[in-house]
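Heads up: the structure comes next, in structure tokens.
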There are 2 protein chains.
Amino acid sequence: MKSLGIPIPTLRRLPLYYQQLLQAHRNGEEYVSSVELGKATGSAPEQVRKDLSFLTGQGKSRVGYETKKLAEIIEDYLGLMDDKEAVLVGAGNLGHALALYQGFAQYGFRIVVLFDNDPMKVNGKVGELKVLPVEKLTNLVERMGIRIGIITTPPQPAQEIAEMMIAGGIKAIWNFSTAHLVVPEDVLVRNVDLSLELAVISHYINGLSVRNS
Amino acid sequence: MKSLGIPIPTLRRLPLYYQQLLQAHRNGEEYVSSVELGKATGSAPEQVRKDLSFLTGQGKSRVGYETKKLAEIIEDYLGLMDDKEAVLVGAGNLGHALALYQGFAQYGFRIVVLFDNDPMKVNGKVGELKVLPVEKLTNLVERMGIRIGIITTPPQPAQEIAEMMIAGGIKAIWNFSTAHLVVPEDVLVRNVDLSLELAVISHYINGLSVRNS
DNA sequence: TAGATTGTTAATCGATTAACAATC
DNA sequence: TAGATTGTTAATCGATTAACAATC
């Protein structure tokens with residue numbers, strides 16, 4: 001899984017800069033420097049400049065980066081303004097939260113339908129969104145030309161669901177399950193396993209206890 | 001923020017190995033090799049051995065790692081079995097989902113109370129958990145000796161909430177807000193900003209569209 | 001002009017991957 | 001013993017940090 005050219009850490013920092021640029025623009029600031037961007041986002045100014053140099057040289061010596069213009073460049077580069085439809089499988093707590101979360105819309109990201117196996121949930125609704133049976137997954141994805149799938153199921157069915165998604169033409173999977181997914185080369189998988197973060201936190205707290213006792 | 005000795009990527013892989021070890025143990029397998037662990041978790045076998053070597057040499061040539069023993073070593077190392085109480089601030093969709101999620105319990109992790117500003121939510125309940133007003137945060141944290149805080153609020157109040165947490169003695173913050181938190185050196189912050197993942201996905205899908213058109 | 005700031009090249013750092021001797 | 005597998009050292013890779021010339 002190559003991201004062709006740009007490092008993934010850089011890619012993940014771009015939305016942080018983007019938000020700051022929008023903010024600055026709303027405040028009527030025409031330019032913002034790498035130092036300011038860095039301070040607001042927690043990166044070193046060199047890092048900011050390096051990251052932005054992947055997009056295109058836009059900064060001006062002495063004044064910094066044009067807020068509006070650079071925000072637009074990032075928008076284009078990440079495709080933030082394109083409408084991106086997604087399906088979500090697994091209408092549990094986390095699935096609900098993601099389906100109802102408003103914040104994704106600002107990046108053109110929109111969940112259009114949920115899937116679940118549980119007969120209690122199927123044909124119900126979560127907010128405005130229908131919950132359909134998993135059997136219809138591949139078909140609907142294909143028919144609607146959807147390219148993004150979100151998995152918020154337990155680990156057991158995750159691989160099978162990924163395959164159904166891919167069969168329907170999905171090219172990017174946002175995997176919240178703890179399963180390790182095996183997919184073809186041209187399919188992007190982004191794993192968000194919250195328990196992995198717990199390990200870091202737990203180890204840190206554990207270290208404190210050991211030292212204190 | 002140093003994790004003293006062990007790389008964070010390694011720390012994040014340990015729970016993956018741990019789950020596989022438990023699984024193997026349940027299946028009655030006494031030993032598991034680095035090749036098997038790697039295949040199941042998506043790491044190279046060398047990576048697995050390297051990671052495990054941070055803990056203690058436990059493997060045996062020719063047979064692999066003792067499932068039960070290694071699982072226990074990881075448990076100890078990460079402090080998974082210690083009861084770790086946490087507070088959560090921001091009883092929105094994501095806050096609900098985290099509060100209700102069952103999966104954290106297996107790592108000894110337990111959210112004990114929620115906080116929110118919204119008078120509609122305050123003094124209500126989410127599942128079994130009370131929702132208290134944010135004014136009580138510092139005090140309750142201090143009184144109960146809680147060391148872990150979770151922030152699932154909008155970005156604006158996040159810094160202030162972090163400070164209230166820290167004032168009460170919290171040492172690790174799991175930050176789901178998009179805010180960049182500034183904290184003392186001895187406080188661990190783990191950021192989970194889901195929109196950063198969206199940037200990676202969006203850029204990938206964008207790249208596909210460009211190539212296809 | 002002097003000074004601030006960019007963009008880029010080079011140096012450093014840290015993690016991953018490869019190689020291989022040791023061992024059961 | 002032969003072969004599988006570990007543990008560790010060395011090589012590679014990639015990202016971050018530092019340095020600095022170019023520029024407005």
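When reading the values below, keep in mind they use all heavy atoms of this one structure, side chains included, and skip hydrogens, waters and symmetry mates. Below, chain A is the first sequence line, B the second, and so on; all start at residue 1.
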Quiz item: Given Asp193(A) and Thr178(A), is the side-chain hydrogen bond (donor to acceptor under 3.5 Å, both in side chains) satisfied, shown in steps?
Solution: CA-CA 6 Å; Asp193(A) 183 342; Thr178(A) 55; 5.1 Å; no
Practice problem: Run the numbers on Lys50(A) and Arg13(A) for side chain to side chain contact (heavy atoms under 4.5 Å, CB included), then give the verdict. | Solution: CA-CA 11 Å; Lys50(A) 182 90 183 199; Arg13(A) 283 187 294 265; over 6 Å; no
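Proximity of a side-chain donor or acceptor of Thr67(B) to a complementary backbone N or O of Glu29(B) within less than 3.5 Å is detected. In this structure, Glu160(A) contributes its side chain and Pro157(A) its backbone to no donor-acceptor pair below 3.5 Å. Side-chain atoms of Glu197(B) never come within 3.5 Å of backbone atoms of Leu194(B) as a donor-acceptor pair (strictly under, hydrogens ignored).
Going from atom CG of Leu94(A) over to atom OH of Tyr101(B) covers 8.0 Å, rounded to the nearest 0.5 Å. Atom CG of residue Leu137(A) and atom CE of residue Met164(A) lie 5.0 Å apart, to the nearest 0.5 angstrom.
For the contact set between residues 19-37 of chain B and DNA chain D, defined by any heavy atom under 4.0 Å, the members are Ser33(B), Ser34(B). Residues from residues 40-51 of chain A that place a heavy atom under 4.0 Å from any atom of DNA chain C, listed by number: Arg49(A), Lys50(A).
At whole-Å resolution of the value, CZ in Arg13(A) and C1' in dT17(D) are 12 Å apart. dT5(D) atom P lies 15 Å from atom CG of Leu52(B), rounded to whole Å. Counting to the nearest Å, the P atom of dT16(D) and the CD1 atom of Ile8(B) are 14 Å from each other. Atom NZ of Lys69(A) is separated from atom C1' of dT6(C) by 15 Å (rounded to the nearest Å). Regarding Glu66(B), its CD atom lies at a distance of 14 Å from the P atom of dC24(C), rounded to whole Å. Taking atom OH on Tyr65(B) and atom C1' on dT23(C), their separation rounds to 13 Å, with Å as the unit. In this structure, the CG atom of Leu14(A) is 15 Å from the C1' atom of dA15(D), given to the nearest Å.
By the ring-ring contact (aromatic ring centres under 6.0 Å, His included) test, Phe176(B) is found to be paired with Trp174(B), residues two or more places apart in sequence or in another chain being considered. Contacts of Glu46(B) classified as side-chain contact (heavy atoms from CB on, under 4.5 Å), with partners at least two apart in sequence or in another chain: Ala44(B), Arg49(B). Residues forming a ring-ring contact (aromatic ring centres under 6.0 Å, His included) with Tyr107(A) (at least two apart in sequence, or on another chain): none.
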Quiz item: Under a cut-off of 3.5 Å for both distances of each Watson-Crick or G-U pair, what dot-bracket string does DNA chain C give, using [ ] for crossing pairs and | for inter-strand pairs?
Solution: ..||||||||||||||||||||||
